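These figures come from a predicted structure and were not determined experimentally. Sequential numbering from 1 along the given sequence is applied to the chain's residues.
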Amino acid sequence: MVDPQDLPFWKRSHYLDRMTLKQLIVAYFQHYTIMSYLSIAALSVVFFAFYPAGVWQTLGAIAAAVLVYPLVWHLLHQYVLHSRWMWKHKLLAPTWKRIHYDHHQDPNDLSVLFGALHTTVPTVAIATIPVGWLIGGPGGAAAAFATGILTTCYYEFMHCIQHLAFKPKWKWVQHMKQRHNEHHYFDEDGNFGITNYLWDRVLGTYYIKKDRKKRSATVFNLGYDEDVALRYPYVKDLSGGIASGHPRRRVMGKEGQQPNKSDDRASA
């Protein structure tokens, strides 16, 4: 067998609940997604240098991108990532599986924590470039887009912190971590924010664990269970089965169905 340490960095398994903060920082900046984001932001700055906007227009475009980002993220997280329509379509099922289902199946797996570039970058562009253009023309659009991309980097890092085996010293980070872990391990129908929960409060999706009586039965599979898979098998076929229990307990065989378990029985 090959020693995992002999494999290239991103061919190894990286689980945040087994990593230190230092290991996360190293992994974060080596991830192709983050390197791509930083490269795109740098190109946007170069574009801005050729087509600059005024100081106030630039600041306005940056502020607009910062303000619109949490709302756009919340709406996408609630109504797209947690939708129950993407798995019904053969062409959309792989995207839904990659951008969110896999993350809820094992929230600590770093390989599926970051968003997919082909969905994230266009979304950030749509959310920021038009408002930036209205405020400051091409330069404003570049400033807003770069801000959106860098905000995404911040979101992704804080998202990692929320799954890391690490207790933050700052109470506001502890608060974010607790709310997000409730979203992943108690009830997925709420706490859709990542770095703040303002829009959860406004839209009525904010909760703390004691406010809800019991853990959601679909917190790890987002409602995509064996009954759904009978009619819409695309995600199950791509995943090699459906795992419904707590990720760590599932690995130890203490909870939830193992992928391919039913198939293995059938072939025995």
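- Looking at every heavy atom in both residues, Gly140 comes nearest to Ala61 through O-CB, 3.4 Å.
- Other members of the hydrophobic cluster containing Ile135, listed by chain and number, are Val131; membership follows side-chain contacts under 4.5 Å among ILVMFWY residues, whether direct or relayed.
- Residues Lys236 and Glu226 are paired through a salt bridge, judged by an N-O separation under 4.0 Å between the basic side chain and the carboxylate.
- Relative to the six-membered ring of Tyr207, Arg212 meets both conditions, a distance below 6.0 Å and an angle of at most 45° to the axis.
- Residues Met158 and Val173 have side chains in contact (heavy-atom distance under 4.5 Å, counting atoms from C-beta outward).
- Tyr224 is not connected to Leu230 by any chain of hydrophobic side-chain contacts under 4.5 Å among Ile, Leu, Val, Met, Phe, Trp and Tyr, and they are in different clusters.
- Within the 3.5 Å criterion, the main-chain N or O of Gly115 finds a donor-acceptor partner in the side chain of Glu156.
- To the nearest 0.5 Å, atoms CG (Asp189) and OG1 (Thr218) are separated by 8.0 Å.
- In this structure, Gly136 and Ala53 approach most closely via the heavy-atom pair O-CB, 3.6 Å.
- Note that CG of Leu43 is 15.5 Å distant from CZ of Phe48, once rounded to the nearest 0.5 Å.
- Taken to the nearest 0.5 Å, the OH atom of Tyr32 stands 9.0 Å off from the OH atom of Tyr37.
- Proximity of Leu198 to Pro70: side-chain heavy atoms (C-beta onward) are nowhere separated by under 4.5 Å.
- Closest non-hydrogen pair, Val124 versus Gly148, comes out as CG1-C, 3.6 Å.
- Residues passing the side-chain contact (heavy atoms from CB on, under 4.5 Å) test with Ala127 are Val72, sequence neighbours excluded.
- The main-chain N or O of Met176 is found under 3.5 Å from a side-chain atom of Tyr197 such that the two form a donor-acceptor pair.
- Evaluation of the ring-ring contact (aromatic ring centres under 6.0 Å, His included) rule for Phe29 yields no partner, not counting sequence neighbours.
- Listed by chain and residue number, Pro233 satisfy the side-chain contact (heavy atoms from CB on, under 4.5 Å) test with Asp237 (two or more places apart in sequence, or in another chain).
- Side-chain N or O atoms of Gln162 include one that pairs as donor or acceptor with a backbone N or O of Ile194 at under 3.5 Å.
- The distance from the CG atom of Asp17 to the CG atom of Asp106 is 7.5 Å, given to the nearest 0.5 Å.
- Between Trp96 and Trp87, the angle of the ring planes goes over 60°, which puts this pair in the perpendicular group of the 30/60° scheme.
- Side-chain contact between Ile161 and Leu16 is absent, with no heavy-atom pair separated by less than 4.5 Å.
- Proximity of a side-chain donor or acceptor of Tyr101 to a complementary backbone N or O of Ser239 within less than 3.5 Å is not detected.
- Legend: side-chain hydrogen bond (donor to acceptor under 3.5 Å, both in side chains) pairs involving residues 51-71, not counting sequence neighbours, sorted by first then second residue: Tyr69-Thr152.
- Put simply, Phe145 and Trp133 are part of two different groups of oily side chains (I, L, V, M, F, W, Y) that touch within less than 4.5 Å, one to the next.
- In terms of heavy-atom proximity, Gly223 sits nearest to Arg84 at CA-NH2, 3.5 Å.
- The hydrophobic clustering, which links ILVMFWY residues whose side-chain heavy atoms are closer than 4.5 Å, places Val235 and Leu91 apart.
- Counting only heavy atoms from C-beta outward, the side chains of Met19 and His163 never approach each other to under 4.5 Å.
- Between Phe220 and Tyr185, the ring planes lie perpendicular to each other; the angle is over 60°, past the 30° to 60° tilted range.
- When all heavy atoms of Gln174 and Pro168 are compared, the closest pair comes out as NE2-O, 2.7 Å.
- Applying side chain to side chain contact (heavy atoms under 4.5 Å, CB included) to His100 and the options Thr95, Val80, Val112, Leu81 leaves one that passes, Leu81.
- In this structure, His183 has its ring center closer than 6.0 angstrom to the ring center of His77.
- Hydrophobic clustering, with ILVMFWY side chains joined whenever heavy atoms are under 4.5 angstrom apart, keeps Val66 apart from Phe157.
- No side-chain heavy atom of Pro94 sits less than 4.5 Å from a side-chain heavy atom of Tyr234.
- Contact check for Thr151 versus Trp73: no side-chain heavy atoms found under the 4.5 Å cut-off.
- Counting heavy atoms from C-beta on, the side chains of Cys153 and Tyr28 come closer than 4.5 Å.
- Partners of Thr205 by side-chain contact (heavy atoms from CB on, under 4.5 Å), not counting sequence neighbours, listed by chain and number: His74, Gln78, Phe192, Asp200.
- Proximity of a side-chain donor or acceptor of Thr120 to a complementary backbone N or O of Leu117 within less than 3.5 Å is not detected.
- Figure legend: Arg215 and Phe186 shown without cation-pi pairing, the cationic atom not lying both under 6.0 angstrom from the six-membered ring centre and within 45 degrees of its axis.
- Here CD1 of Ile25 is found 4.0 Å from CG of Leu21. Values are rounded to the nearest 0.5 Å.
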| field | Derivation of the side chain to side chain contact (heavy atoms under 4.5 Å, CB included) call for Tyr15 and Leu110 | value | CA-CA 6 Å; Tyr15 291 94; Leu110 190 57; over 6 Å; no
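- For the atom pair CD1 of Ile129 and OG of Ser44, the computed distance is 7.5 Å after rounding to the nearest 0.5 Å.
- Between the side chain of Asn191 and the main chain of Arg179, a donor-acceptor pair closer than 3.5 Å is present.
- Leu150 is listed as a side-chain neighbour of Leu38, based on a closest heavy-atom distance under 4.5 Å.
- Under a hydrophobic clustering in which Ile, Leu, Val, Met, Phe, Trp and Tyr are joined whenever their side-chain heavy atoms come within less than 4.5 Å, directly or via other members, Tyr154 and Leu113 fall into the same cluster.
- Judged by distance alone, the side chains of His31 and His14 never bring a donor and an acceptor atom under 3.5 Å apart.
- Aromatic rings of His175 and His180 (six-membered ring for Trp) have centroids beyond the 6.0 Å cut-off, not under it.
- When the shell of 6.0 Å around CG of Leu67 is examined, it contains more than 12 heavy atoms from other residues, nucleotides or ligands.
- Of all heavy-atom pairs spanning Lys177 and Leu164, the tightest one is NZ-O, 2.8 Å.
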